[in-house]
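All remarks here apply to the structure that follows.
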Protein chains: 2
Amino acid sequence: MIKVLVIEDHEEIRDLISYNLSKENCETICFDNANEGLIHLENNDVDIILLDLMLPGLKGMQFLQIVRNNKKFSGVPIIIISAKNTEQDIINGLEMGADDYLTKPFSIKILIAKINAILRRNPAIKSKVISINGINIDTGNYTVTVDGEDVSLTNKEYELLLMLLKHPKRVFTRNQILNAVWGYESDVYTRTVDTHVSSLRKKLGDRGSFIKSVPKIGYRADI
Amino acid sequence: MIKVLVIEDHEEIRDLISYNLSKENCETICFDNANEGLIHLENNDVDIILLDLMLPGLKGMQFLQIVRNNKKFSGVPIIIISAKNTEQDIINGLEMGADDYLTKPFSIKILIAKINAILRRNPAIKSKVISINGINIDTGNYTVTVDGEDVSLTNKEYELLLMLLKHPKRVFTRNQILNAVWGYESDVYTRTVDTHVSSLRKKLGDRGSFIKSVPKIGYRADI
DNA sequence: AACTAATGTCAAAGAAATGTAAAATTATTG
DNA sequence: CAATAATTTTACATTTCTTTGACATTAGTT
């Protein structure tokens with residue numbers, strides 16, 4: 001059963017989503033505000049979030065930011081469903097870390113298709129464990145082992161490792177890494193990434209050498 | 001490397017754009033007038049154009065019209081960046097064929113987001129993989145394989161190979177190559193190109209022989 | 001064939017980018 | 001609020017890439 005957290009202040013829309021998703025092997029938990037949604041998220045297992053932006057109290061974008069900046073939840077996919085329909089709204093939403101953006105009015109069939117597509121595309125979300133090349137990341141417990149040995153990583157190191165290992169072989173620019181791990185607002189030098197790569201490699205020991213620098217570009221997990 | 005042609009008569013804005021895009025895997029070529037921009041477009045590979053409207057000489061809208069009426073360039077996305085900010089201005093720009101319209105003052109971050117969004121959406125440019133004659137370039141990941149074997153290229157070698165293979169058969173002069181790969185500012189001897197061609201051929205092994213020198217002119221990918 | 005002019009290649013020098021330790025700063029925690 | 005940990009910056013070491021210049025080779029000309 002897929003657990004869907006719905007944050008939406010219009011009752012009719014909540015009901016529409018609930019009713020239709022219940023027929024698709026989904027369990028929906030609905031809130032009319034983001035604060036309660038956040039509390040739920042902190043205490044429960046959630047597979048995907050459907051988020052309205054214009055909410056009373058905590059705004060949708062703030063919620064998005066909080067969730068994406070929290071290592072515990074950052075892997076949970078979020079689909080924004082909003083009446084804010086300018087391209088800029090959409091870009092903002094996607095850049096803030098949403099996985100998809102639906103503008104109201106929306107087709108419930110498309111919504112279902114998108115939920116399925118996102119969950120299909122991202123098996124890591126279901127398993128919550130990434131195992132590759134002797135390195136094991138349990139995204140549920142935020143623990144990392146290398147060849148069975150526990151390794152203690154700092155937050156930034158962890159996020160960096162996760163980013164690289166979620167997409168092995170893919171090259172990330174230092175700025176992409178900064179945006180993803182440090183956030184869009186951050187103004188740290190790009191070389192800070194190098195420092196963290198360095199300490200990450202060190203902590204991973206012999207196994208750390210899979211993190212390859214790509215001169216003039218950035219880094220990649222070469223596995 | 002995404003090639004961005006910037007046509008903008010204010011130096012500060014050109015510099016702002018150049019500086020920020022250079023950190024985003026973009027290479028910017030700037031002109032303070034549309035005439036030179038057009039000449040550049042005719043002789044070089046351009047992925048996206050950022051266009052100011054109020055220019056000395058050839059006006060931005062005229063440039064837009066010329067580009068959109070030319071089959072050769074009509075696929076190149078154009079983002080207008082203009083101080084003309086009435087609804088009618090924007091509608092005009094978009095109706096004339098611009099892909100997007102940013103009003104000054106603009107946020108550089110939104111500009112970057114829009115460039116990414118447009119290029120992501122545009123399948124012609126998105127063609128992330130070039131496969132030809134046993135050589136495979138993944139432009140997203142900067143990886144090159146020859147007959148399935150990974151080949152490690154330096155940045156210059158990679159850009160050079162990409163340029164040649166994007167337009168097979170086409171002859172490039174050493175100066176065109178220098179401009180495209182090294183950039184306009186560079187003051188490197190033209191023979192440097194030869195050195196890189198040499199090492200590129202070597203790294204590509206038997207397959208490397210498709211890079212033919214065209215005596216007195218330059219090089220071409222003869223495939 | 002000899003000559004000329006171009007391209008091909010190599011290796012050393014130079015430039016630029018990355019690696020890393022340690023100091024400085026900032027955040028977190030008891 | 002002190003102590004501790006995490007993060008960022010600095011500075012320097014190291015590595016890698018780029019450019020050059022010398023010489024070799026090839027192609028074209030007379």
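Below, read A as the first sequence line, B as the second, and so on, with proteins coming before strands; counting in each chain starts at 1.
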Between its two end axes (five pairs each) the helix from C/dA1-D/dT30 to C/dG30-D/dC1 turns, nearest 10 degrees, through 30°
> In terms of ring plane angle, is the pair B/Trp182 and B/His196 parallel, tilted or perpendicular, where the classes change at 30° and 60°?
Replying inline: perpendicular
Practice prompt. For the residue pair B/Tyr142 and B/Tyr158, categorise the inter-ring angle as parallel (less than 30°), tilted (30 to 60°) or perpendicular (more than 60°).
Written response: tilted
Would you mind reading off the distance between [X] atom [atom1] and [N] atom [atom2], rounded to a whole angstrom?
| X | N | atom1 | atom2 | value |
| --- | --- | --- | --- | --- |
| A/Ile217 | C/dA16 | CD1 | P | 17 Å |
| B/Lys156 | C/dA15 | NZ | P | 15 Å |
| A/Arg174 | C/dA16 | CZ | C1' | 12 Å |

Are the side chains of A/Leu165 and A/Ile137 in touch, meaning some heavy atoms are under 4.5 Å apart?
yes
| message | Using side-chain heavy atoms (C-beta onward) and a distance below 4.5 Å, is A/Ile79 in contact with A/Ile49? | response | no
With a 3.5 Å distance limit and no angle check, can you tell me whether [X] reaches the backbone of [Y] through a side-chain donor-acceptor pair?
| X | Y | answer |
| --- | --- | --- |
| A/Lys203 | A/Ser152 | yes |
| A/Arg201 | A/Ser209 | no |
| B/Asp15 | B/Glu12 | no |
| A/Glu157 | A/Thr154 | yes |
| A/Arg220 | A/Arg170 | no |

- Task: Answer with base, sugar-phosphate or nothing: what part of the nucleic acid does B/Ser213 contact at a heavy-atom distance below 4.0 Å?
- Result: sugar-phosphate
Quick tally for nucleotides 23-28 of chain C: nucleotides whose base has a protein heavy atom under 4.0 Å get B, sugar-phosphate-only ones S, the rest -, giving ------
Note: contacts of residues 195-209 of chain B with DNA chain C (heavy atom, under 4.0 Å) are B/Thr195, B/Ser198, B/Arg201, B/Lys202
Any side-chain N or O of B/Arg191 below 4.0 angstrom from OP1/OP2 of C/dG8?
no
Side chain to side chain donor-acceptor pair (under 3.5 Å) filter on B/Ser18, not counting sequence neighbours, yields B/Thr28
Across all chains, not counting sequence neighbours, the side chain to side chain donor-acceptor pair (under 3.5 Å) partners of A/Asn33 are A/Glu36
By nearest-heavy-atom nucleotide on DNA chain C, the more 5' of B/Ile211 and A/Gly218 is B/Ile211
The answer to which of A/Glu157 and B/Thr154 contacts DNA chain D further toward the 5' end, by nearest nucleotide, is A/Glu157
Worked check of side chain to side chain donor-acceptor pair (under 3.5 Å) between B/Asn136 and B/Ser131: CA-CA 4 Å; B/Asn136 193 292; B/Ser131 268; 2.5 Å; yes
Of B/Val171, B/Leu160, B/Asp194, B/Thr173, the one forming a side chain to side chain contact (heavy atoms under 4.5 Å, CB included) with B/Tyr219 is B/Asp194
Chain A reaches DNA chain D, atoms under 4.0 Å from its heavy atoms, from D/dA6 to D/dC17
